[in-house]
Student: 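Submitted below is the structure of interest, expressed as structure tokens.
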Number of protein chains: 2
Amino acid sequence: MSTGPIPPSASRSLDRPRPTDQSDVRRHNAALVLDCVDAAGPLSRARVAAHTGLTRATVGTIVDELIAAGLVSEKGTRAPSGVGRPGTDLALRPEGAGGVGLEINVDGYVASVVDLAGTVRHRAARSGDLRGRTATAVLRTAARLVDDAVAAAYDLGIPVRGIGVAVPGLVDLGEQVLRLAPNLGWTDVRVVERLRSYAVTTWPSPMVLDNEANLAALGELWVGGHGSADSFVLVNGDVGVGAGVVLDGRLHRGTRGFGGELGHLTVAPDGPECRCGARGCLEQVAGLDFILRQAGVRDAPRTGEDAVAPLLARLARGDERAVAAVRQAGESLGVGVAALVNLFDVETVVLGGIFAPLFPWLDEPLRAVVRRRVLSAAWAPLTVRPSALGRDAAVIGAAYAPLRDLLADPLGADASVA
Amino acid sequence: MSTGPIPPSASRSLDRPRPTDQSDVRRHNAALVLDCVDAAGPLSRARVAAHTGLTRATVGTIVDELIAAGLVSEKGTRAPSGVGRPGTDLALRPEGAGGVGLEINVDGYVASVVDLAGTVRHRAARSGDLRGRTATAVLRTAARLVDDAVAAAYDLGIPVRGIGVAVPGLVDLGEQVLRLAPNLGWTDVRVVERLRSYAVTTWPSPMVLDNEANLAALGELWVGGHGSADSFVLVNGDVGVGAGVVLDGRLHRGTRGFGGELGHLTVAPDGPECRCGARGCLEQVAGLDFILRQAGVRDAPRTGEDAVAPLLARLARGDERAVAAVRQAGESLGVGVAALVNLFDVETVVLGGIFAPLFPWLDEPLRAVVRRRVLSAAWAPLTVRPSALGRDAAVIGAAYAPLRDLLADPLGADASVA
DNA sequence: TATATTCGTTCAGCGCCCAAACATACTCGT
DNA sequence: ACGAGTATGTTTGGGCGCTGAACGAATATA
């Protein structure tokens with residue numbers, strides 16, 4: 001939930017050490033106040049002061065500015081609940097700011113508008129196999145979706161603070177280039193630049209580009225409602241199996257943006273050969289292909305969430321072969337999760353992608369394996385739960401990314417309209 | 001090398017968000033200046049200003065205070081190397097502060113004094129099997145070593161800023177209690193409190209207690225001289241195999257202080273049964289016991305670095321059985337390292353403990369396995385190297401821990417003598 | 001010797017937080 | 001009904017730390 005002394009910027013992290021001055025103090029304390037109002041529900045100024053440790057005077061001036069910026073609103077006098085002058089409650093103003101998210105995937109794209117409270121206010125999707133289509137064709141259509149989303153936000157009266165784009169591949173964060181997207185067959189596509197050039201309406205300035213797994217993990221972190229769990233691993237299942245590692249509220253992308261390749265952990269050395277060259281990779285014995293094959297499901301698309309629909313039907317009616325297949329996948333997954341837990345000691349594992357709907361059948365075998373393999377299982381009970389955001393985690397994370405920057409620096413830019 | 005905007009305190013990390021005021025600005029900038037002087041060698045005030053982005057005026061006042069605190073010294077006028085008035089060079093004063101470290105292990109204890117530059121200025125060790133001995137007996141003797149170290153620091157004119165204690169077991173950082181040390185047979189020992197009560201001389205106030213693997217990783221990070229690598233994994237070999245994970249200059253202890261249990265990663269499902277209950281754990285096929293057994297070495301102690309001496313002798317003369325044993329361990333280790341790299345995308349792996357002296361024989365088979373199993377191996381070359389600090393990594397990390405706190409807040413406490 | 005250049009210091013100015021005092025609004029007791 | 005008590009929100013003076021510009025100092029160049 002809360003990070004270090006000064007909340008690090010989500011997208012642009014200048015790791016070069018910078019000098020600090022009073023304006024940073026203001027920035028930090030403004031973020032602190034806003035976070036307090038956001039997290040601890042409606043509160044009076046005095047309670048915010050007590051909660052943050054700031055003076056009432058300081059909170060007063062900061063709140064004034066936050067109200068002027070449209071991020072916080074006074075909810076009128078609270079019903080007097082004791083002696084003394086009752087305070088005026090402050091609350092986050094959800095429509096005070098919003099973000100637009102775009103996810104480009106192999107089986108279609110989605111765009112959405114998310115407000116400051118993390119609520120999805122607009123959503124538009126196009127399905128269809130994108131493999132083999134040129135970047136130009138895809139991005140042109142995607143830009144139309146973003147246009148619509150920006151317009152929808154305008155109609156809702158929500159000022160858009162930025163646009164996040166999630167893509168299935170390796171991303172150069174600094175240059176904002178999609179270096180490699182194997183499933184799309186793209187290399188070195190300047191996604192942000194190209195999208196902008198196809199824009200019809202005027203788009204707000206900050207745009208961020210990131211890998212979809214990363215943004216999905218961030219989405220879970222930011223709006224997934226984990227309560228206090230700021231360390232978790234999001235295990236995403238599809239044809240491949242990936243993981244987004246969040247420790248102490250920080251996503252770990254790895255030194256070069258690789259990482260999270262849970263799928264190629266060795267689980268069964270005598271298992272089938274993997275496309276990576278090794279044997280017994282987790283994704284060979286827990287990925288979508290394996291499950292469908294084992295379960296005897298043949299009449300299904302080979303990717304995406306639609307692929308599990310027929311499987312779910314069989315599971316629901318108790319098809320033994322299907323149940324056994326998923327159980328076996330759950331056990332394999334347990335080996336991977338056990339490794340994660342042994343290495344990171346995370347207390348929460350979130351199952352996303354196709355694993356989310358399969359959770360009821362995966363849960364028990366997975367836990368059993370983890371219990372057997374994790375040294376500290378007795379002391380540190382592991383929470384395993386399905387993704388709260390489901391398939392939309394990445395879009396939501398993308399849309400919310402600019403809002404995180406805003407929350408970290410609420411008074412940095414100009415104010416906004418009502 | 002450099003972390004986020006405000007360097008987080010190493011030992012006590014108050015994760016509750018705090019308000020910030022001008023004193024934090026000062027703290028941060030003082031740390032920035034000191035870090036600049038430390039890292040970028042002797043520099044004039046003006047160059048420090050240019051390098052940090054602060055004003056010359058600000059740097060001037062901060063440097064005055066750092067000199068008053070004894071942490072920085074003027075090295076006289078530099079040889080004029082161009083037009084304009086030459087600047088007076090500033091340098092870190094190594095004897096401006098020091099830390100005392102104590103490591104308690106199964107096969108003895110070590111105490112040392114480390115100065116601000118990371119140089120070991122005093123070292124005293126006692127060998128001997130500590131298993132089964134009572135905490136009281138051990139801690140009483142250990143306190144004597146610390147007494148000596150404190151006295152030695154005094155004789156050297158180095159003001160001691162704190163004492164770090166490394167123990168082989170599970171530590172409660174907040175309560176400073178050693179919860180469980182299986183190899184020593186201890187439970188719930190208030191190490192810091194007890195040590196203090198046995199002290200003869202006066203010990204400086206901050207004492208920190210941590211797991212030896214964690215402190216070894218921090219030692220490598222702080223004084224191991226990695227250059228710019230602030231993300232790495234320290235793989236420590238002994239009877240067990242542990243890992244210290246450092247990402248972006250931050251050590252990850254895990255939610256509850258477990259974690260880094262690389263030894264119980266599954267490597268060979270059909271392998272021997274492990275004491276943890278599972279089969280094929282890494283430490284069963286790469287740990288000290290396995291290597292010695294496989295190599296046919298019987299006349300050796302069962303733990304510590306002494307245990308590898310006879311093995312090293314055989315390796316040096318090309319004993320085939322020994323070479324094969326280590327090679328096999330290297331391959332198993334490669335599987336574990338590959339998993340680490342896949343999950344974290346670290347670019348550096350440091351081999352410590354018994355793996356450090358065995359590095360020349362482990363390196364090649366380990367790399368081969370990693371190359372085969374890691375997806376991104378082609379793009380992201382992995383650096384594997386032996387620990388720079390060797391067996392003393394944990395003591396050095398322990399001794400340096402208080403100094404990290406000092407570097408993060410150089411003007412927090414009182415000044416010191418010359 | 002005069003000028004340009006760089007270094008280090010000094011001095012107002014400003015922004016921010018804090019502490020304390022003040023005005024406000026409501027409850028409680030008589 | 002009315003004052004005492006309590007909690008909220010605002011105003012004011014003070015301190016601290018950074019900035020920017022100006023100034024003396026030390027050296028190279030013309």
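The basis for the numbers below is simple: all heavy atoms, side chains too, and nothing from hydrogens, waters or symmetry mates. Letters go in sequence order (proteins before strands), and every chain restarts at 1.
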Student: To the nearest Å, how far apart are I67(A) CD1 and dG9(D) P?
Tutor: 10 Å
Student: Excluding sequence neighbours, so at least two apart, what forms side-chain contact (heavy atoms from CB on, under 4.5 Å) with E65(A)?
Tutor: R26(A), L411(A)
Student: Can you name the closest pair of heavy atoms from D248(B) and S231(B) and give their distance?
Tutor: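 Looks like N-OG, 2.9 Å.
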Student: If I take atom CG in residue L411(A) and atom C1' in nucleotide dG15(C), what distance separates them, rounded to the nearest angstrom?
Tutor: 14 Å
Student: Is there a side-chain contact between N29(B) and the phosphate of dG17(D), meaning an N or O under 4.0 Å from OP1 or OP2?
Tutor: no
Student: From dT27(C), dC18(D), dG8(C), pick the nucleotide closest to the side chain of V83(A)?
Tutor: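 When the side chain of V83(A) is considered, dT27(C) is the closest of dT27(C), dC18(D), dG8(C).
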Student: Can you see which heavy atom on L71(B) is nearest to which on A97(B), and at what distance?
Tutor: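 Answer, listing the atom of L71(B) first, then A97(B): CD2-CB, 4.2 Å.
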Student: Which pair of non-hydrogen atoms, one from R196(B) and one from M207(B), has the smallest distance, and what is that distance?
Tutor: NH1-SD, 3.4 Å
Student: Whole Å only: how far is the CG atom of D24(A) from the P atom of dT19(D)?
Tutor: 10 Å
Student: I need the minimum non-hydrogen distance between L403(A) and D115(A), along with the two atoms involved.
Tutor: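 For L403(A) and D115(A), the tightest heavy-atom pair comes out as CD1-O, 3.6 Å.
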Student: Measuring from the side chain of Q22(A) (C-beta onward, heavy atoms only), which nucleotide among dC28(C), dC16(C), dG8(C) has the closest atom?
Tutor: dC16(C)
Student: In whole Å, what is the span from the CG atom of L43(A) to the C1' atom of dG9(D)?
Tutor: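 About 15 Å, once rounded to whole Å.
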Student: Calculate the interatomic distance between E74(A) atom CD and dT8(D) atom C1'; express it in whole Å.
Tutor: 12 Å
Student: I want to confirm an ordering. Mapping R26(B) and G60(A) to their closest nucleotides on DNA chain D, which one lands closer to the 5' end?
Tutor: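 The residue mapped nearer the 5' terminus is G60(A).
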Student: Measure CG/D64(B) against C1'/dG17(D) and give the value in whole Å, please.
Tutor: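 About 15 Å, once rounded to whole Å.
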Student: Establish, with yes or no, whether the OP1 or OP2 oxygen of dT19(D) is under 4.0 angstrom from a side-chain nitrogen or oxygen of T58(B).
Tutor: yes
Student: Start at the 5' end of DNA chain D and walk down; is the nucleotide closest to T61(A) or to D21(A) reached first?
Tutor: T61(A)
Student: Using a cut-off of 4.0 Å between protein heavy atoms and nucleotide atoms, how would you tag nucleotides 19-24 of chain C 5' to 3' with B, S and -?
Tutor: B----B
Student: Can you give me the closest heavy-atom contact between A399(A) and V114(A), atom names plus distance?
Tutor: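 Taking A399(A) first and V114(A) second, the nearest heavy atoms are CB-CG2, 3.6 Å.
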Student: For D89(B) and dG8(C), what is the distance between atoms CG and C1' respectively, to the nearest whole Å?
Tutor: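 Taking CG of D89(B) and C1' of dG8(C), I get 14 Å after rounding.
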Student: Would you call the rings of Y400(A) and W222(A) parallel, tilted or perpendicular, taking 30° and 60° as the class edges?
Tutor: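 Tilted: the ring planes of Y400(A) and W222(A) meet at 30° to 60°.
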Student: Could you give the CZ-to-P distance, from R45(B) to dG8(C), as a whole number of Å?
Tutor: 6 Å
Student: Output yes when at least one side-chain N/O atom of T88(A) is less than 4.0 Å from OP1 or OP2 of dG9(D), else no.
Tutor: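 So the side chain of T88(A) is within the cut-off, an N or O lying under 4.0 Å from OP1 or OP2 of dG9(D).
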